[in-house]
Number of protein chains: 2
Amino acid sequence: MSVQERKERERAARERLIVATARELAEQQGWDSVTTRRLAERIEYSQPVLYSHFRGKREIIGAVALGGAAEMAAALRAATSAADGPRTRVVALARTYLDFAERNPAVYDAMFRLDGGLAFAAEDTPEPLKDAFAALLESLGEVAGEGVHPSLFTEVFWAALHGLATLTRAGRLPAAEAERRVELLVDRLAVI
Amino acid sequence: MSVQERKERERAARERLIVATARELAEQQGWDSVTTRRLAERIEYSQPVLYSHFRGKREIIGAVALGGAAEMAAALRAATSAADGPRTRVVALARTYLDFAERNPAVYDAMFRLDGGLAFAAEDTPEPLKDAFAALLESLGEVAGEGVHPSLFTEVFWAALHGLATLTRAGRLPAAEAERRVELLVDRLAVI
DNA sequence: CTCACTTGTCTAGCGATGCTAGGATCGAAT
DNA sequence: ATTCGATCCTAGCATCGCTAGACAAGTGAG
């Protein structure tokens, strides 16, 4: 049995290597440059090996997205737990979210812009995604205001953050005033 | 001279045909299905003809985006001018924006999600794009509130709409409560 | 220790993509 | 009518995601 266990360990390690390498390559040169050939070469295996771990490129993107969701959830919780007072917490949350999107553009794209074949807002939504939304909900729910469902409020706030993140990075919004936009968003949307 | 003028007319007509066909094909089957071969076949010319009008596929997407921006600006102005009172106007604006995104997903993608090689928030931003932002500004500027720059407010409101539009369409947000999200967004962000 | 066999990996190749070079054909001006 | 330039198409390149089938390595039985 020990032999089989060792093989499974090595196989799992290689799978992590694939995902990590895809992420690294995407951050360095963009997702367009993440081709199955280049990825295979970087992990020092041939192309078909990738397909013994994932159905295709989409699933690799999905795997990067899941890892990113877990990482983002942790970052959000770390930032909000270090802040006291609802307003401070929400500002910290917003900054951390936008900061994550800016520092990890490829991962952010995998999560929300590209098709990673993941289910959202559904029964079979993977746990890391639900948890990332839960992390948002924890801090945003307390500033939803009277008679507004916390989930609905979180969705709207999240959408606003997502819009700011994507439009800013695509050059649709000037990067200069980013901080003032966050202030405005929090002051208006959140009920303190 | 008349011969040359006729040729230029025909050439311009063919360029419009290319853009219209690309848009149609994208709306029918998605941008992934808009290949240069399929597009060429639909306009009943060979592939290289496309490259005598546009540098490449990117520029074709950009052309679709410009047309879409003009159309969206018109739709926004039509909706807001038919409404009286700031709040009614802003609600109409938001609904029209999201409606446009939902009814013309491919065009919306060309404008804001795909790379059409267009400059934004810069000197050389094409006129239709500036005008679409201006259409937003016209209605949103009047509800920015004291001490908030109309442009900044418009950017934030627009980002929120963009987030709602993209996340909803990608299945990240349940479509059911779309209307309530709009209500919440307007009630909180706009100062009436 | 040897040998069949399973398991794992690689080479080679398919169809499709964006884009381009070079030849053919058509029409305009003399 | 003939030359000549503009216009368009055929054919092809490199690259993409993905897969079939050959091959080698390691496994367990005798």
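The chains referred to below are lettered A, B, ... by the order of the sequence lines, with proteins before strands, and numbering in each begins at 1.
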### Sub-4.0 Å heavy-atom contacts from residues 58-67 of chain A onto DNA chain D, ordered by number
none
### Task
Spell out, as yes or no, whether a donor-acceptor pair under 3.5 Å connects the side chain of B/R172 to the backbone of B/L167.
no
Side chains of residues 140-153 of chain A: which donor-acceptor pairs under 3.5 Å do they make with residues two or more places apart or in other chains?
{"residue": "A/E142", "atom": "OE2", "partner": "A/R89", "partner atom": "NE", "Å": "2.7"}
{"residue": "A/E142", "atom": "OE2", "partner": "A/R89", "partner atom": "NH2", "Å": "3.0"}
{"residue": "A/H149", "atom": "ND1", "partner": "A/S151", "partner atom": "N", "Å": "3.1"}

#### Entry: A/R14 to A/Y45 six-membered ring, cation-pi geometry met (6.0 Å, 45°)
yes
### Summary
The nucleotide from D/dC8, D/dG17, C/dT20 with an atom nearest the side chain of A/Q47 is D/dG17
### Query
What is the distance from CZ of B/R11 to P of C/dG27, rounded to the nearest Å?
18 Å
### Query
Going only through I, L, V, M, F, W and Y residues with side-chain contacts under 4.5 Å, is there a path from A/L25 to A/I43?
yes
### Task
Starting at atom NE2 of A/H53, determine the distance to atom C1' of D/dC18, rounded to an integer number of angstrom.
16 Å
### Task
Select one nucleotide: of C/dC19, C/dA28, C/dT9, the one nearest the side-chain heavy atoms of B/R6.
C/dA28
### Message
If I take atom CZ in residue B/F54 and atom P in nucleotide C/dT20, what distance separates them, rounded to the nearest angstrom?
### Response
15 Å
### Summary
The reported gap from CD in A/Q29 to OG1 in A/T35 (rounded to nearest 0.5 angstrom) is 9.5 Å
### Summary
From OH of A/Y45 across to P of C/dC10 the rounded distance in Å is 7 Å
### Message
Could you check whether A/D124 pairs with A/K130 (Lys NZ or Arg NE/NH1/NH2 to Asp/Glu carboxylate O, under 4.0 Å)?
### Response
no
### Query
How long is the line joining CD of B/E8 and P of C/dG27, in whole Å?
19 Å
### Over 12 foreign heavy atoms within 6.0 Å of CD, A/Q28
yes
### Query
Got a sec? Which of residues 35-43 of chain B come in under 4.0 Å of DNA chain C, heavy atoms?
B/T35, B/T36, B/R37, B/R38
### Query
Which of the following nucleotides, D/dG17, C/dG18, C/dT9, is nearest to the side chain of B/K57?
C/dG18
#### Entry: Sugar-phosphate only, base, or nothing, as touched by B/R14 at under 4.0 Å among non-hydrogen atoms
sugar-phosphate
### Query
Does B/R188 pair with A/D187 as a salt bridge, N-O distance under 4.0 Å?
no
### A/Y51 OH - D/dC16 P separation (whole Å)
11 Å
### Task
In whole angstrom, give the distance that lies between atom NZ of B/K7 and atom P of D/dG5.
14 Å
#### Entry: Rounded distance (Å) that lies between atom C1' of D/dG17 and atom CG of A/L114
16 Å
### Query
What is the ring orientation for B/H162 with B/F112, classed by angle as parallel under 30°, tilted 30 to 60°, or perpendicular over 60°?
perpendicular
